[in-house]
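Below is one structure; the comments refer to it alone.
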Protein chains: 2
Amino acid sequence: MAAKRSGARGKRPQRTSETSEWLQPLHEPRSEPSLSRERIVAAAVELLDAQGVDGLTMRRLADRLGSGVMSLYWHVDNKEDVFDLALDSVLEYRGPPQIAQDWRGEVVHMLEDWRASMLRHPWSTLLLPRRALGPNILSRLELLSKTLSRAGVADADVNVAIWSLWNYVMGATITRASFDLSDDDRAAAQQRLTRLSERYPTIERSRLLLDNDWDGAFRKGLGFLLDGLSPR
Amino acid sequence: MAAKRSGARGKRPQRTSETSEWLQPLHEPRSEPSLSRERIVAAAVELLDAQGVDGLTMRRLADRLGSGVMSLYWHVDNKEDVFDLALDSVLEYRGPPQIAQDWRGEVVHMLEDWRASMLRHPWSTLLLPRRALGPNILSRLELLSKTLSRAGVADADVNVAIWSLWNYVMGATITRASFDLSDDDRAAAQQRLTRLSERYPTIERSRLLLDNDWDGAFRKGLGFLLDGLSPR
DNA sequence: ACCTGAACACCGTTCAAGT
DNA sequence: ACCTGAACACCGTTCAAGT
């Protein structure tokens, strides 16, 4: 997850992605929505949900919006930009469910929600390693940071704590999504490992690749990490 | 990391990637190496090192090997196959440095080597979420599994332990690689976050995105995790 | 058994132009 | 300010054919 090609958009419309949500054009509500950054991103997410990462094409995206391909480029820098926006748009956080939780419960909720948001859109786990940090991701990091500080984690340790949690959650989410095989693939994977069992006896015996309790494993490992990170 | 499109190769040469390393054609050492699976993979890794993921093209790969594009397809199923093979080829493990370490030292060595191997070829971190589990990855998992068992981790807990470690290491490696910005990008990222400091005061103040001690943070977080996973 | 070129059905993006 | 079509320089892969 990176700040590659950071915020400054190169081209015409100087409304950056950070401000566009606030400054709606209140004048002249055009009858037909026409093209807009928001519509493009929404259509991109739909397309990604339906067809996966390789299914997103500028031409297909334009088709879905009923516009010419090149019209998109007025609102968006290029395809990379579309990916950045689609990824971040899927990561909005609505906040913890109720007031007054212990900090640990809050953190667990935030991270489980993070994982769940991405698993709802499996393509997001493929995009993550290449994309910039959008406002929604930064907000989540900000909130996490605040929660840990308030919990009493020393300033010097907060960054290590955040990155440890981030690493764990992202690794778990990416792995989970890529193991979400169709039944066919699942069977093939098992068969393959059995065929190779002389070479990999231990993981074959433990059925490592067939272990299904992803949610439980996620929670357990997260628990270990939080034990280590907790202020003494 | 997935077993998507698992082992069984669809096409002609029935030497699968699992056996090809052992059965070398000892007869008739052809003068000019001609094309081979191994040469193709080696060239692919070179190309990926030089040009990144988007730089790998079947046409460019053929050029580099001095062959026609379609010749590659005799040895390789398709581009996906090339990616699978390139990723796994970079993940060979030579084993721990000396005999007689404690199990924890062994595990730390294995996981730091894993991370280092991938960071030597940053494109591998982009490939990881989409690719199948090759023999080298499976060997590493096998060894890790054996080490943990020998250390006394209960059978019922080994899988959770492995996946927790895997998740952490993969998340850390992917994140590390994608934050390995050029100096320009780094400056731009800092500037951007400062510009937005009203919105993200906590992570701006802690300089989360500029924290440079990746290796230290990795080791620290790994320590926490191992504390949690250690047999009581 | 291994290699090849032509051809097909796509891509993302530049550019010059329209309104 | 916003949208467009034609054109360019690419892609991966099928196929029918060569040796």
Side-chain angles (χ1 to χ4, degrees), chain A residues 5 9-16 20 23-40 43-44 47-48 51-86 127 130, chain B residues 5 9-16 20 23-40 43-44 47-48 51-86 127 130:
Chain A
R5 67 179 57 252
R9 309 194 352 82
K11 289 272 251 345
R12 269 66 54 102
Q14 206 50 348
R15 54 174 156 111
T16 66
S20 58
L23 308 171
Q24 298 293 10
L26 292 180
H27 32 251
E28 283 199 72
R30 308 191 52 159
S31 49
E32 191 60 24
S34 113
L35 234 36
S36 75
R37 205 156 225 263
E38 289 72 24
R39 277 195 73 212
I40 292 173
L47 197 48
L48 286 162
Q51 318 246 33
V53 173
D54 295 330
L56 177 59
T57 280
M58 295 305 271
R59 289 169 211 259
R60 276 207 268 258
L61 189 51
D63 270 3
R64 185 174 278 255
L65 289 161
S67 77
V69 200
M70 294 316 299
S71 312
L72 303 176
Y73 285 81
W74 177 259
H75 305 272
V76 137
D77 281 354
N78 47 37
K79 200 185 177 183
E80 306 268 288
D81 202 15
V82 176
F83 277 138
D84 284 346
L85 294 166
L127 253 32
R130 311 187 71 170
Chain B
R5 67 178 59 253
R9 308 193 357 81
K11 289 273 251 345
R12 270 63 57 102
Q14 206 50 348
R15 53 175 157 111
T16 66
S20 58
L23 308 171
Q24 298 292 8
L26 292 179
H27 31 251
E28 282 200 74
R30 308 190 53 158
S31 47
E32 190 61 23
S34 114
L35 234 36
S36 75
R37 205 154 224 264
E38 290 70 25
R39 278 195 72 213
I40 291 173
L47 198 48
L48 286 163
Q51 316 246 34
V53 173
D54 296 329
L56 177 59
T57 278
M58 296 305 272
R59 289 168 210 260
R60 276 207 269 257
L61 188 52
D63 270 3
R64 184 175 279 255
L65 289 161
S67 78
V69 200
M70 294 315 299
S71 312
L72 303 176
Y73 284 82
W74 177 259
H75 304 273
V76 137
D77 281 355
N78 46 38
K79 200 185 177 183
E80 306 267 288
D81 202 15
V82 177
F83 277 139
D84 284 345
L85 294 166
L127 254 32
R130 311 187 71 170

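Per chain, numbering begins at 1; letters A, B, ... match sequence-line order. Computation of the quantities below employed the complete heavy-atom set of this structure, encompassing side-chain atoms and omitting hydrogens, waters and symmetry-equivalent molecules. Note that the structure is predicted; figures quoted are calculated from it, not measured.
Expressed to the nearest 0.5 Å, how far CG of A:Asp84 lies from CG of A:Asn78 amounts to 8.5 Å. Atoms CD1 and OH, on B:Ile40 and B:Tyr73 in that order, are 10.5 Å from each other to the nearest 0.5 Å.
What you find for A:Val82 and A:Val76 is that their closest heavy atoms are CG2-CG1, 3.6 Å. Contact between B:Phe83 and B:Leu48 at its shortest, heavy atoms only, is CE2-CD2, 4.1 Å.
A straight line from CG of A:Leu72 to P of D:dG5 spans 12 Å, rounded to a whole angstrom. One atom, CD1 of A:Ile40, and another, C1' of D:dC2, lie 11 Å apart when rounded to the nearest Å. Atom CH2 in B:Trp74 sits about 14 Å away from atom C1' in D:dA17, given to the nearest Å. A straight line from NE2 of B:His75 to P of C:dT4 spans 9 Å, rounded to a whole angstrom. Atom CZ of B:Phe83 and atom C1' of D:dT13 are 15 Å apart (whole Å).
By the 4.5 Å heavy-atom criterion applied to side chains, B:Leu85 and B:His75 are not counted as neighbours.
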Close N or O pairs between protein and nucleotides 10-12 of chain C (under 3.5 Å):
from, atom 1, to, atom 2, distance (Å)
C:dG12, OP1, A:Met58, N, 3.4
C:dG12, OP1, A:Lys79, NZ, 2.9
C:dG12, OP2, A:Met58, N, 3.1
C:dG12, N7, A:Arg59, NH2, 2.5
C:dG12, O6, A:Arg59, NH2, 2.6

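Taking the P atom of each, C:dC2 and D:dA17 are spaced 22 Å apart, rounded to whole Å.
The A:Met70 side chain lies nearest to D:dA6 when the options are C:dC3, C:dA6, D:dA6.
Side-chain nitrogen and oxygen atoms of B:Ser71 include none within less than 4.0 Å of the OP1 or OP2 phosphate oxygen of C:dC2.
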How does DNA chain C read in dot-bracket, base by base from 5' to 3', with Watson-Crick or G-U pairs under 3.5 Å and | used when the partner is on another strand?
||.|||||...|||||.||
Under 3.5 Å, which donor-acceptor pairs do the side chains of residues 55-70 of chain B form with other protein atoms, sequence neighbours left out?
from, atom 1, to, atom 2, distance (Å)
B:Arg60, NE, B:Gly55, O, 2.9
B:Arg60, NH2, B:Gly55, O, 3.4
B:Arg64, NH1, B:Glu46, OE1, 2.8

